[in-house]
Amino acid sequence: MAASRGGQARARNAGSARRTYAAGTRSAAASRGNGGHRSRFSAVRLILVAVLVVAGAKLVQVQWFEAGELSLAAEKQRTQTIDIPAQRGSIVDRNGAKLAFSVEVRTLSVNLKAFHKSMDDLAVKTPGTKKTFDTETGAAAKYIAAKVPSQLTEQQLLDLFHKQASFTYLENNVEPSVAADIVKQFPWIGVEKRALREYPGGSLASNIVGAANWRSDDPDVSKHNLHGLVGLELVRDNDLAGTPGRMLVNTKNGSDNVVIPGTERDLQAAVPGSDLELTIDSDLQYEVQRQLTDYVQQSHAKGGQAVVVDAKTGEVYALANDKSFDPNDQSTWTTDDLANPAVTTPFEPGSVNKIVTATGAIEYGVATPESTTAVPGALQIADKTVHDAWTHGTQNFTTAGIFAKSSNIGTLLLAQKIGPDRYSDLLKKFGLGQRTGVGLPGESAGVVPAQSQWSATTFGNLPIGQGLSMTVLQMAGMYQAIANDGLRVEPRIVKAKVNPDGTTVPEPAPKSVQVVPAPTAKTVRDMMRAVAQNGKGLQKGTAPTAAVEGYQISGKTGTGQQVDPRTKAYSDHLYNITFAGILPADHPRFVVGIRLDAPDTTLPVGHSAAPLFHTIASYLTQRFQIPLSDGPAPEVPLIEP
């Protein structure tokens, strides 16, 4: 037992000794270990504090300093600004009949890239789904083709859906209600608001009104709208177009531009364009176009133009070419059809220009209507011999007879008495060599050689209507001055602008020029009645077929040689056949100017435009209920026996 206790004691002593060593060691270690833990804890705590400080600072920056910018960026991701096309103004005639107006339509489109992706995503999320790109586009093609059968076919739509592009337009000019049905069935189809220009009269006055279509070629999207191509639609585009507005819409995906229906809100309302009120009378314009086209065909002419002008105001009631175009169908347009030669194409008028000499002879006291001039059968002008259209010996013509019979020689004899200076001044006063300012695009000023450039034979050409050129509108303007007591008023074709608020703004007053005093103009007007005189033998004028029963007619025929494009010399078979007339001569209401381009002069209707004047003038008397003349024009002597 002693041994046992001794062993136990040793064991305790040994344990005590081990614990003493171990305890000290652990104590030192513990002391070192606690300090390490505290150091690590402090470091972590400092790091956390720093992170929180940085995060707080960032939060303050985001929520305070960058809040507006970030909010705007977020808004951009889910909204889009869309331009709202302005409604284009209408074009109406003098009675308010619409010649051009706009209707709202829709254009369908699809973002192919976005739709492909959405179908791929659907296939991943919903394995086994029957909705695929092909099934959806196939159903859409069939549905759209049935809704708009007059436009694209089902196969054409399928081809568009499968084209190699990220985006494609599908249909234009879709009715808004039809487009809404389509988008309701297939929300992935996009829709754009557009406008379509309508011309209810088709080719009626199309050379005047022109044409406009939807233009989206400008980099500035706000300018995507109806814009003019030709005619008044082009030159008055700024008045008609209006000002686009802006709309904000929500989108399903900002990059895909898929608009969420019902989220539209206006930022700026569109301002409609102004209407244009023309001086044109639609019914008269239609009749003049029809009659001119028929006459050109009957006479085998290459073309023709006609114009009807108010004798007092210069307002253009009708301006027609034998060729026109349908602005509703651009596929049928040709360059020739789009032209407006009544104002763009000058020609040598021939004897219609003798009104200048007739006016000068009366104004400068060279002659009176009854005075006579001995007119030989030929007249030498420098190196040129001038003849009349018929062979004759020396005859005594009255002044009225010189113009009623259209004697070239008699006209030149009177012009020589007027003199080059006074004659040149009259040409300017009558507006020749100057644009009329009617307001139509491409108007030509015609050509009148400067007096300083006249050769020895120039003054042998100008008085008989050769060697200078004018448009049919300029030609009518000369006779308007005589009809209006010598006061030439610039013609105009736009009467007023009607603003969106309904206020009417008349066009600026046309300029006017007093060519000659009123008594001179009346004398000339009365004298030129002899042109339509249907006397016997030598007492017959050149245009009795222009006469209208119950009305006095004053006017002048013309036959101007054309330059042969092959020989570059005056042709012996190509002519400009012209007529300008005043209705009625005693109380002028209208002036009518007509030109036929190279008709077949061997035909009864080819050698004169007087019958066409008669037809147009007869319609004018009925359309505007023009009172009958005070009596028939007195028959006057033209050539003395």
Side-chain angles (χ1 to χ4, degrees), residues 281 283-296 298-299 304 306-312 317-318 320 351-352 355 358 369 398 400-401 403-406 476 479-480 482-484 521-558 577-596 603-638:
D281 180 272
D283 290 342
L284 176 62
Q285 177 72 28
Y286 172 82
E287 193 66 18
V288 173
Q289 280 187 219
R290 184 185 66 82
Q291 293 177 8
L292 173 66
T293 301
D294 288 348
Y295 204 86
V296 165
Q298 293 171 28
S299 65
V307 60
V308 179
V309 177
D310 187 289
K312 300 297 182 184
Y317 273 61
S351 296
V352 169
I355 192 72
T398 64
F403 300 107
K405 303 295 287 184
S406 201
Y479 285 76
Q480 180 273 324
I482 297 302
N484 192 32
K522 185 180 185 307
T523 300
V524 173
R525 188 167 67 241
D526 289 345
M527 181 173 68
M528 300 303 280
R529 293 179 300 188
V531 171
Q533 180 171 299
N534 194 18
K536 294 181 180 180
L538 296 177
Q539 308 311 316
K540 178 185 288 188
T542 57
T545 54
V548 178
E549 187 175 357
Y551 296 90
Q552 296 182 15
I553 300 298
S554 180
K556 186 69 189 76
T557 55
I577 301 299
T578 55
F579 188 90
I582 300 169
L583 170 75
D586 52 340
H587 300 289
R589 176 71 192 280
F590 291 109
V591 171
V592 179
I594 301 168
R595 179 240 180 169
L596 302 176
L603 297 173
V605 295
H607 70 273
S608 175
L612 179 55
F613 170 85
H614 166 84
T615 307
I616 294 174
S618 297
Y619 180 83
L620 285 168
T621 62
Q622 299 170 29
R623 168 69 178 163
F624 297 98
Q625 299 181 345
I626 300 175
L628 295 172
S629 292
D630 298 334
E635 186 171 320
V636 298
L638 306 182

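- Heavy atoms only, all atoms of each residue included: Ala311 and Asn484 are closest at O-CB, 3.2 Å.
- Ser608 and Leu596 get closest at one heavy-atom pair: O-CD1, 4.4 Å.
- In this structure, the separation between CD1 on Ile482 and CG on Asp526 is 11.0 Å, given to the nearest 0.5 Å.
- Among residues two or more places apart in sequence or in another chain, the side-chain contact (heavy atoms from CB on, under 4.5 Å) test is passed with Arg290 by Tyr286, Glu287, Asp294.
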Exercise for review: Verify side chain to side chain contact (heavy atoms under 4.5 Å, CB included) between Leu583 and Thr621, making sure each step is shown before the conclusion.
Suggested key: CA-CA 9 Å; Leu583 170 75; Thr621 62; 4.0 Å; yes
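- Considering only heavy atoms from C-beta on, Arg589 comes within 4.5 Å of Ile626 through its side chain.
- Every residue meeting the side-chain contact (heavy atoms from CB on, under 4.5 Å) condition with Ala320, not counting sequence neighbours, appears here in chain and number order: Gln285, Val288, Gln289, Leu292.
- The two residues Gln480 and Val591 have their closest heavy-atom pair at CA-CG2, 3.7 Å.
- In this structure, Gly555 and Val531 approach most closely via the heavy-atom pair O-CG2, 3.0 Å.
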Review point. Should Val548 and Leu620 be marked as a side chain to side chain contact (heavy atoms under 4.5 Å, CB included) after you check the CA-CA gap, both sets of side-chain angles, and the distance that decides it?
Key: CA-CA 11 Å; Val548 178; Leu620 285 168; over 6 Å; no
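- Here the closest non-hydrogen pair linking Pro369 and Thr523 is CG-CG2, 3.7 Å.
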Name the atoms and distances for all side-chain donor-acceptor pairs under 3.5 Å in residues 629-638, with sequence neighbours left out.
residue, atom, partner, partner atom, Å
Ser629, OG, Gln552, N, 2.8
Ser629, OG, Asp586, OD1, 3.0
Asp630, OD2, His587, NE2, 3.0

Practice item. Please test Ser406 against Lys556 for side chain to side chain contact (heavy atoms under 4.5 Å, CB included), starting from the C-alpha separation and ending with a verdict. Key: CA-CA 8 Å; Ser406 201; Lys556 186 69 189 76; 2.9 Å; yes
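- Ring geometry for Phe590 versus Phe624: interplanar angle of 30 to 60°, hence tilted.
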Exercise for review: Begin from the C-alpha positions of Tyr317 and Val309 and carry the test side chain to side chain contact (heavy atoms under 4.5 Å, CB included) through to its verdict.
Suggested key: CA-CA 6 Å; Tyr317 273 61; Val309 177; over 6 Å; no
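- Residues Phe403 and Val524 are not in side-chain contact: their nearest non-hydrogen atoms beyond the backbone lie 4.5 Å or more apart.
- Counting heavy atoms from C-beta on, the side chains of Val605 and Pro611 never come closer than 4.5 Å.
- The two residues Ala609 and Phe579 make their nearest non-hydrogen contact at CB-CB, 4.0 Å.
- When the side chain to side chain donor-acceptor pair (under 3.5 Å) test is applied to Thr542, the partners found at least two apart in sequence or on another chain are Thr557.
- From Tyr295, atom OH reaches atom CZ of Phe613 across 12.5 Å, with rounding to the nearest 0.5 Å.
- Listed by chain and number, the residues in a side-chain contact (heavy atoms from CB on, under 4.5 Å) with Pro544 are Asn534, Lys540 (sequence neighbours excluded).
- Shown here are the side-chain contact (heavy atoms from CB on, under 4.5 Å) partners of Ser554, two or more places apart in sequence or in another chain: Arg525, Met528, Arg529, Ile582, Ala585.
- Of the inter-residue distances, the one linking Met527 atom CE with Lys522 atom NZ reads 12.5 Å to the nearest 0.5 angstrom.
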